[in-house]
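Okay, so here's the structure we're looking at.
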Number of protein chains: 2
Amino acid sequence: MLKYQAIAADIQRSIEDGSLKPNDKLPTVVELCQIYDVSKITVKRAFDILVEKGLIASRRGSGTFVKSSQDMSDPRGTGAYIKGDARTLGFTRSDRARGFTVEHQDEGAITSVVYDFSIVTPPEKVARHLGIQPDDFTYHHCRVRCLDERPIVIESTYMPLDLIPGLKKSQLYKSVYSYIQETLGYKISSFHRIIRAVAATEEEAERLQTAPGTPLLELEQIGFFDDGTAFEYSVSRNVGDRAELRDVNVV
Amino acid sequence: MLKYQAIAADIQRSIEDGSLKPNDKLPTVVELCQIYDVSKITVKRAFDILVEKGLIASRRGSGTFVKSSQDMSDPRGTGAYIKGDARTLGFTRSDRARGFTVEHQDEGAITSVVYDFSIVTPPEKVARHLGIQPDDFTYHHCRVRCLDERPIVIESTYMPLDLIPGLKKSQLYKSVYSYIQETLGYKISSFHRIIRAVAATEEEAERLQTAPGTPLLELEQIGFFDDGTAFEYSVSRNVGDRAELRDVNVV
DNA sequence: AAGTGGTCTAGACCACTTC
DNA sequence: AAGTGGTCTAGACCACTTC
């Protein structure tokens with residue numbers, strides 16, 4: 001682990017276990033340089049991570065402070081939410097405050113129903129977003145993911161065949177991302193997303209065990225490897241009252 | 001403007017005007033150091049900005065490349081969308097590709113209808129999120145914002161009275177954020193958000209000129225000054241087929 | 001072996017806040 | 001005047017890719 005990540009993780013731990021309380025002043029940058037035996041720029045990068053997470057705020061001339069707790073976790077008791085970076089984790093659910101999330105795939109509470117898994121030529125729009133030709137083959141799969149037997153989201157995903165050889169239906173019941181990252185060794189680096197509210201169609205309503213017209217949170221998304229290659233185009237629709245998306249937005 | 005920001009802006013300009021095309025290789029870090037007469041870490045920070053925006057990707061050992069264009073602007077032709085950081089800009093609409101947005105308040109196309117502007121004691125939940133006591137006074141306002149006469153979003157906002165003296169109803173027809181930043185001199189630094197899909201109530205439907213039950217994109221949001229003080233709690237509900245939210249998510 | 005980007009140092013210099 | 005965080009340098013060292 002890199003030094004600035006280690007320092008950020010260490011400070012985050014102090015905040016989460018209560019040794020640093022809301023509005024507490026952190027040690028100064030120079031003190032932290034001595035404590036961790038690093039240079040200023042390394043402490044600054046650690047701060048950047050925690051500012052990005054919404055945990056601290058710095059004031060030039062006066063110091064760096066723990067933000068007053070803004071515990072927005074699971075306010076409607078839905079028991080499930082999607083974090084900002086949830087797509088890399090696969091499906092997640094709320095674990096504790098501060099938006100910290102953990103995978104629960106091994107606990108058996110999260111299940112998938114696969115409605116389609118095939119190799120097709122993609123729609124023109126999908127081909128364009130993936131940067132491939134319309135006659136290049138892609139995997140297409142459609143699945144519903146459930147938390148404790150309750151359908152949460154229906155996803156439709158396209159991935160270029162060339163990029164991801166050997167994908168099998170059985171992987172769809174687990175995390176496709178871990179297959180890509182661990183088995184194939186690619187590094188997923190970013191997602192471009194558009195978020196909308198839409199009404200459930202009849203088919204979606206049936207598969208999601210809800211009524212047609214029910215509000216769904218739609219995520220249209222393109223995933224990229226760290227070399228900038230688009231590896232995935234996906235549209236997922238989450239049942240409005242069973243999922244939500246969290247975000248920390250630094251200006 | 002800081003050096004790394006200037007370099008990032010310069011490279012972004014080259015990408016947008018086509019001098020750098022998708023998949024083109026940028027000059028190496030060392031070359032850019034010479035071109036701009038800066039050190040490596042400054043070039044790296046410029047790269048970080050552009051990676052964050054989804055414009056470039058670096059590959060250790062081989063170079064830095066322009067991402068293949070992922071033009072997702074206004075795919076449904078709604079003519080209006082909310083960018084990731086739109087809340088600081090106030091209400092915005094699509095201007096060009098790559099998610100670049102501009103304010104259009106001076107063109108008269110964006111209008112507001114204010115349904116309520118009063119000083120009240122906040123609900124318990126709001127007080128908690130703002131870090132104030134339930135008997136501390138807050139401004140409360142509810143308004144509908146329209147693009148070309150068409151209602152897009154209904155907002156309900158609470159702001160602590162103590163923090164923002166002198167707010168008048170007339171400001172609500174312009175941007176409250178510019179009042180806070182320019183007139184009062186505070187610096188807005190971040191927002192915590194939860195995004196959901198919900199159904200329009202009868203009252204909302206009437207004010208938004210749509211049908212009850214229509215899917216709305218809800219943003220529940222807390223805004224912070226750069227010293228970590230929460231200055232705003234707001235819930236806004238955007239008509240599903242008239243607005244969308246964009247996002248670039250770096251893992 | 002040569003070239004690439006990423007991390008990190010030790011310290012200069014600056015803007016801003018506090019006293 | 002002293003203390004705070006933010007930017008930036010010049011360069012070392014490293015991990016990785018390309019040839």
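Every heavy atom of this structure was used, including side-chain atoms; hydrogens, water molecules and symmetry mates were not. Bear in mind that the values here come from a model prediction, so they are computed numbers and not experimental data. Labels below follow one simple rule: chain letters A, B, ... track the order of the sequence lines, proteins then strands, and each chain is numbered from 1.
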Practice task
Take atom CZ of F65(A) and atom P of dC16(C), then tell me their distance rounded to the nearest Å.
Solution key: 17 Å
Practice task
Anything below 3.5 Å on both distances counts as a pair; with that, list the stems of at least three consecutive Watson-Crick or G-U pairs involving DNA chain D.
Solution key: C:1-18 with D:1-18
Exercise for the section: Give the rounded distance in Å between these two atoms: NZ of K3(B) and P of dG6(D). Expected result: 19 Å
Handout entry: Interatomic distance where CG belongs to L32(B) and C1' belongs to dT9(D) [whole Å]
Key = 17 Å
Practice task
Could you tell me how the ring of F231(B) sits relative to the ring of F225(B): parallel (under 30°), tilted (30 to 60°) or perpendicular (over 60°)?
Solution key: parallel
Handout entry: R59(A) vs dT4(D): side-chain N/O to OP1/OP2 distance below 4.0 Å
Key = no
Practice task
Kindly state which residues belonging to residues 34-42 of chain A come within less than 4.0 angstrom of DNA chain D, counting heavy atoms of the residue only, listed by number.
Solution key: K40(A), I41(A)
Exercise for the section: Round to a whole Å and report the spacing from CG of D48(A) to P of dC8(D). Expected result: 13 Å
Practice task
Using a cut-off of strictly less than 4.0 Å, decide whether Y4(A) has a side-chain nitrogen or oxygen near OP1 or OP2 of dC8(C).
Solution key: no
Practice task
Determine: side-chain N/O of T64(B) to OP1/OP2 of dG5(C), distance under 4.0 Å, yes or no.
Solution key: yes
Completion exercise
Distance col, row L50(B):CG vs Q12(B):CD, nearest 0.5 angstrom, shows 6.0 Å
Problem - E16(B) (side chain) donor-acceptor with R13(B) (main chain) under 3.5 angstrom - result: no
Handout entry: OP1 or OP2 of dC8(D) under 4.0 Å from side-chain N/O of K44(A)
Key = no
Practice task
May I ask you to establish whether K3(A) and Y36(A) are in a cation-pi arrangement, using a distance under 6.0 Å from NZ or CZ to the six-membered ring centre and at most 45° from the ring axis?
Solution key: no
Problem - Stepwise side chain to side chain contact (heavy atoms under 4.5 Å, CB included) test for D136(B) and T121(B) - result: CA-CA 6 Å; D136(B) 286 338; T121(B) 53; over 6 Å; no
Problem - Test: E220(A) and K125(A) ion pair at under 4.0 Å - result: yes
Practice task
Using the six-membered ring wherever Trp is involved, compare the ring planes of H129(B) and Y233(B) and label them parallel, tilted or perpendicular (cut-offs 30° and 60°).
Solution key: parallel
Practice task
Would you indicate which nucleotide in dC8(C), dC8(D), dT4(D) comes nearest to any side-chain atom of L2(B)?
Solution key: dC8(D)
Practice task
Using atom CD1 of I11(B) as one end and atom C1' of dG5(C) as the other, report the distance to the nearest whole Å.
Solution key: 14 Å
Completion exercise
Exactly one of H140(A), H141(A), R143(A) clears side chain to side chain donor-acceptor pair (under 3.5 Å) with S156(A), and that residue is H140(A)
Exercise for the section: Rounded to the nearest angstrom, tell me the gap between atom CD1 in I56(B) and atom C1' in dG6(C). Expected result: 13 Å
Handout entry: Earlier contact from the 5' end, DNA chain C, for Q5(A) and G61(B)
Key = G61(B)
Practice task
Specify the separation, in whole Å, of atom CD1 of I49(A) and atom P of dT7(C).
Solution key: 10 Å
Problem - Atom pair distance, as rounded to whole Å: CZ in R45(A) and P in dG6(D) - result: 14 Å
Practice task
Would you indicate whether D37(A), at its atom CG, is surrounded by more than 12 heavy atoms from other residues, nucleotides or ligands within a distance under 6.0 Å?
Solution key: no
